[in-house]
Amino acid sequence: MLSVFSVVNQKYHRSPNHEITKCPYTSLVVVDVDAEVVANTRLSADYNVIALAAPAIASDVKPGQFVMVRVGTGSDPLLRRPFSVFEILRDERGRATAITLLNKRVGVGTRLLFKMERGHVVPVLGPLGRPFEPVEPPIRAWLVAGGVGLAPFATLAETLRTRAVDVTLFYGGRSATDLFYVDWFQRLGVRTVLTTEDGTQGERGRVTLPLERALRSIDREQPIMMYACGPEPMLEAVAHLARRFDRPSQVSVERVMGCGLGGCYSCVIRVRQHHGGSHFVRSCIGGPVFRGDEIVW
Amino acid sequence: MLSVFSVVNQKYHRSPNHEITKCPYTSLVVVDVDAEVVANTRLSADYNVIALAAPAIASDVKPGQFVMVRVGTGSDPLLRRPFSVFEILRDERGRATAITLLNKRVGVGTRLLFKMERGHVVPVLGPLGRPFEPVEPPIRAWLVAGGVGLAPFATLAETLRTRAVDVTLFYGGRSATDLFYVDWFQRLGVRTVLTTEDGTQGERGRVTLPLERALRSIDREQPIMMYACGPEPMLEAVAHLARRFDRPSQVSVERVMGCGLGGCYSCVIRVRQHHGGSHFVRSCIGGPVFRGDEIVW
Amino acid sequence: MVNPVDLSVRLGPLELRNPVIAASGCFGYGVEYAGVVDLATLGGVAVKGLFLTEREGHPPERIVETPSGMVNAIGLQGIGVHRFIREKMPELRDRGATVLVNICGSTLDEYVELARILSDVEGVAALELNISCPNIKEGGITFGCSLPGTHQVVSAVRRVTPLPVIPKLTPNVTDVAAFARAAEDAGADAVSLVNTFLAMVIDVETRRPELSNVVGGLSGPAIRPIAVRMVYECRQAVKIPVIGMGGIASARDAIEFFIAGASAIQIGTANFVDPFIWGKVLSGIAEYMTRHSIARISDLVGTLDTTAREQQWTSS
Amino acid sequence: MVNPVDLSVRLGPLELRNPVIAASGCFGYGVEYAGVVDLATLGGVAVKGLFLTEREGHPPERIVETPSGMVNAIGLQGIGVHRFIREKMPELRDRGATVLVNICGSTLDEYVELARILSDVEGVAALELNISCPNIKEGGITFGCSLPGTHQVVSAVRRVTPLPVIPKLTPNVTDVAAFARAAEDAGADAVSLVNTFLAMVIDVETRRPELSNVVGGLSGPAIRPIAVRMVYECRQAVKIPVIGMGGIASARDAIEFFIAGASAIQIGTANFVDPFIWGKVLSGIAEYMTRHSIARISDLVGTLDTTAREQQWTSS
Ligand SMILES: Cc1cc2nc3c(=O)[nH]c(=O)nc-3n(C[C@H](O)[C@H](O)[C@H](O)COP(=O)(O)OP(=O)(O)OC[C@H]3O[C@@H](n4cnc5c(N)ncnc54)[C@H](O)[C@@H]3O)c2cc1C
Ligand SMILES: Cc1cc2nc3c(=O)[nH]c(=O)nc-3n(C[C@H](O)[C@H](O)[C@H](O)COP(=O)(O)OP(=O)(O)OC[C@H]3O[C@@H](n4cnc5c(N)ncnc54)[C@H](O)[C@@H]3O)c2cc1C
Ligand SMILES: Cc1cc2nc3c(=O)[nH]c(=O)nc-3n(C[C@H](O)[C@H](O)[C@H](O)COP(=O)(O)O)c2cc1C
Ligand SMILES: Cc1cc2nc3c(=O)[nH]c(=O)nc-3n(C[C@H](O)[C@H](O)[C@H](O)COP(=O)(O)O)c2cc1C
Ligand code: FES
Ligand code: FES
């Protein structure tokens, strides 16, 4: 009897090629997984990496995409929280079984994720959003991460390194204790350039300082793609440098998101239109990754 | 600077003899303990016993008193839930360190308590309410428990047995799988009379059946005190039997409680007044234990 | 064997295959959700509020979370009625959606013009008149908070369209039932309620409003008990059907509105939390009806029993 | 060294040692909480609403929990003003409580009579006029929902008492600021708001209302964003001080109301959840003021900055 209510549209829902033109950005197979917490590693007083068993998402997600996590049990907190997929975990046969999130404790939801014990089950919706477009050699990739903005770069770096792209990570934090996974990127063959605001690791100052120097010194003939994720003023600075040095960039923005699926219009960012002028684009489906020069800062 | 805000009234708060006449019912030292879950034993699909580290409450609570437990983290669920103190746990030196609750899963809050993992911290307010008045020999004590109404009788039976009172527990449940701790009571020297509605253990039917028989057969000269806790219609039936057989009774009622401290007037029950008539009494401070003949059913 | 339950509803001239409708502004133009839910399985899709022309909406921040709710001031960003008809209606028709177009105007003429335009569009099932958006100064709230205004806009639209007309009432009034009556008198086919409650959140560290628009509309489970009361009041006051909403997040909540007197319900905020809610609510309603031997959903509507209760004793 | 902050407030003629008041109906007659909090450390204690005579209140169920809130229909069970004066006032005086007596009447004369009686009682600091209780048919809501009614009852009480007169406004109206103005015009010394929102919850299994009174009043964090907006509106509309409440459950929430324009605040429902909240809120306010270099609490009141925001970049 209940079969009349198989509301989930298997046809559209499962067909990976459907509607590719009409919804160019959103992932075509969005699923909601009751994901068990399989590990939760605290990196510092504020940062943790939480691993969630979600094969359907892990096997489908692309670098730069995000998930919406329901952190609470009742209706407070109510809304899901968006998180970039940090790592994809695989079983011994190489099958993607879980994702991890790099979580920074800033409020009620991220605090719940920070404390969450193994065995807890959280609904995870995804994969969502427009991913980064990975380049191919000879283009070099410069990843620019501010703080927790590192998150989408683990999978992006892996994809790029698989393609043998030359990758540099410019990574800035407040302090040495806010920089994580540096070895991990280095082992992958990623060059790392670190900055901290207090000078406790790498160069003292903002991550845009070494970035600007690098832009100045690199051969004009060498094509590069800049990828940036972090606080918006940093993204703006990167986009600005990109324009000054006439280099392309892709930036992943972080807007407050109510739904992650284009339903609420909360997550908009001002984007230039072809014919001049600008309009508000929903960053959950039109982004979170945009070309740096598209955005009106 | 903040010392001007030592709002908790140490004077009244700590002095056990203060206001004994004006607030005859409430416990005089009410504390709110951030209690760690030290054990959670599932007894069946619906029942569990959860142990909470709360020395200040454990060392002070009297049989029949209750605590108000904050089960959620955000504001949904909002209100605390009332629970009778089931057991008092002691360390090797005999100091009371923790209390347990006998929890039955019936809704959102009790479900959270059912699932709660060790290490979780829950605020527990208490001890609260008017306790049972334990009798002395030669008076015999008949405890009448319906389902989770067993909870206050563990500590009551201990107290009574310490006084060498002859104790019988009439204990009814839906089914054999709903009866717990029967051995425990037997080891304490408590006679047990069991009933289940489906006849899977003890007598088939309600607990008032053997109770009525016992009332009928016991020597009129033998003084007894009946204590009852369970669903309200059961309490009513017990009070009714008590009146018919002209025996005293104490019943512990379960009303929906908003605060547990007399602040909200949600938990009222109709009680007879000395001069005739009746009025609504707050069962959180006027009870939860009442004389069976006080209550207007 | 269990007989299938009948979920179809009739709201005056409007027939829906079931009583569960996606609330306006919480489901985009519907097409955004085509990958998650088969639009044809919904009772209806109330699309995002449309003006005659495109609107940019308010700058961010546009939403802020509150205890069991959220406050939004999107400011009715939208593509306008013409682009909607061109760009969205074909796909909505293709997918078999029952489309309720939520229309907004700054003036009476705009409502009339919108109604006229949409009356000729194939696949538009009904007009929901947004006379209650609290987020824009010029918007319909001036109609929605005055009884003559409500009567005026409903009758004006009524005169120009054969489509079912469903004014959507604001809860920010003293006596919502009076507005339902005004709408009924003016010829509305049904009323829907509630829209959001005017609300505000302040960032105490910066001492600024969290929303760029300063105030916005509160929705979500927090408002449900008020919305249920209002639906109940309207149900007593009018004969036309009431479409209820406000904080519905489960089959239980939907059923609560049916019992209070809603002939159909809408789900808004909860779709953000769980875009797969639709199947869960529909099957939950069917399960409830089966368990309570209710054959037709209409048999459940308005069945609140306000006589005193009695208690039963079973061992627990 | 940090200077102590000044928390004292002046609400017209009423001086409070700090701006944190226990809300009426959520703190019994105050004495119930004497074992938990030193009543003298509170800004004030608004005692449970009093009629001239004893009242039995509604039968249970009287409360039901809702998402981030609760709906109550206690029905103003109470001991009446005479027993209150005899049985509770002496202890409240002894304990140094600043007592706001919340009074309710079915008629104008009852309010006047109550005000007269209480004017002669030592230790009564102010009268809070409950013209907004949604739970009883004959109650003040008939005054609270009509502008002339509000003006009438406030001026009548004003004429007979030298005590500060603080009408408590209902949120169940279209324009709460108009009611604040009516109260001000009639000579009120301050207004307090919000009382509860008329609401309803249905038990879907029995299809009966959860509350014996069918409807009740919604309180708790759920309503906070609406209450903040209403306090903000009233602050713009009147010169007399506004006492804000509705869902305050932390120092942050209290501060939000101060910034919106409340000169003092009340805490109701949150006291049920945490009866030790008082010290936490007071010390949290002091900590905030110290951190923001705000010497006097009055310097915080009504300081909402509605100019557009700018962003700052720090690595995060
Ligand atoms: C596409 C995307 C990817 C993200 N990836 C990550 C990630 O990998 N790791 C990580 O730690 N964080 C990430 N974030 C940010 C993360 O979503 C927020 O930190 C989180 O939602 C805050 O929730 P909270 O309950 O802890 O904070 P709240 O208590 O809700 O608010 C605390 C602060 O966080 C801000 N905030 C609230 N919601 C959001 C939101 N949806 N987006 C941004 N800021 C918000 C608030 O404005 C406030 O200043 C991402 C955000 C987006 C949009
Ligand atoms: C003094 C006292 C002692 C109690 N001791 C125990 C105990 O030792 N073990 C135990 O399992 N339960 C005990 N209860 C009952 C327990 O408090 C309720 O089962 C619990 O509050 C239900 O919460 P919930 O969130 O699971 O249910 P909800 O989802 O809130 O509601 C589910 C059902 O429980 C009923 N209910 C809700 N709140 C209460 C309440 N405060 N009191 C009674 N019924 C309620 C509702 O009417 C509803 O039918 C006691 C109650 C009182 C008043
Ligand atoms: C983000 C958002 C946008 C909304 N936009 C509209 C709209 O355009 N037109 C309208 O009539 N109602 C709009 N509403 C109100 C909803 O349709 C609904 O009436 C309200 O949110 C209450 O239902 P809920 O609690 O299920 O969300 C909007 C609500 C939200 C949360
Ligand atoms: C159980 C209960 C009883 C109340 N009784 C009264 C009352 O007697 N008089 C009154 O003016 N307000 C009464 N109120 C309203 C509160 O004083 C307060 O205005 C409202 O609850 C909002 O604040 P809160 O969200 O902090 O509870 C009562 C509220 C509750 C929850
Ligand atoms: S988060 Fe809802 S539209 Fe983007
Ligand atoms: S539970 Fe609040 S008065 Fe008893």
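Chain letters run A, B, ... following the sequence lines, proteins first and then strands; every chain starts at 1.
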Just wondering, more than 12 heavy atoms not from A:K115 lying within 6.0 Å of its NZ? no
Proximity breakdown for C:N271 and chain A, heavy-atom pairs closer than 4.5 Å: neither
Could you have a look at A:V268, A:D76, A:D32 and say which one has the most heavy-atom pairs with chain C under 4.5 angstrom? A:V268
Could you tell me whether A:R282 and C:E32 make a salt bridge, using a distance below 4.0 angstrom between a side-chain N and a carboxylate O? yes
Do A:Y265 and C:I63 come close enough that some side-chain heavy atom pair is under 4.5 Å? no
Got more than 12 heavy atoms from elsewhere within 6.0 Å of CZ, C:R296? no
For A:V256 and C:E61 the tightest heavy-atom approach is CG2-OE1, 3.3 Å
Atom pair OG1 (C:T66) and CG (A:L78), whose distance is rounded to the nearest 0.5 Å: 7.5 Å
Specify which of C:M70, C:K48, C:K280 makes the most heavy-atom pairs with chain A at under 4.5 Å. C:K48
Quick check for you: to the nearest 0.5 Å, what is the distance between A:C264 atom SG and C:N72 atom CG? 8.5 Å
Inter-residue atom distance C:F272.CZ - A:L125.CG, 0.5 Å rounding: 13.0 Å
Heavy-atom pairs under 4.5 Å with chain A - which of C:A40, C:G30, C:G28, C:S68 has more of them than the others? C:S68
Heavy atoms of other groups near A:E133 CD, more than 12 under 6.0 Å: no
Looking at every non-hydrogen atom in both residues, tell me the closest pair between C:D274 and A:R80 and how far apart they are. CA-NH2, 4.3 Å
Assess whether atom NE2 of A:H279 is packed by more than 12 heavy atoms of other residues, nucleotides or ligands within 6.0 Å. yes
If you count heavy-atom pairs under 4.5 Å with chain A, which of C:G69, C:A222, C:A270 comes out on top? C:G69
If you look at every heavy atom in A:S278 and C:E56, which pair is closest and at what distance? O-OE1, 4.1 Å
In Å, rounded to the nearest 0.5 Å, how long is the span from CG of C:L211 to OG of A:S266? 11.0 Å
Below 4.5 Å from any heavy atom of chain A, which atoms of C:Y33 appear? Answer side chain, backbone, both or neither. side chain
Heavy-atom distance under 4.5 Å to chain C: side chain of A:M68, backbone, both or neither? neither
Measuring heavy-atom distances to chain C, does A:P123 have an atom under 4.5 Å in its side chain, in its backbone, in both, or in neither? neither
Taking C:E65 for its side chain and A:L79 for its backbone only, find out whether a donor-acceptor pair lies under 3.5 Å. yes
A:F280 six-ring centre to C:R62 NZ/CZ under 6.0 Å and within 45° of normal: yes
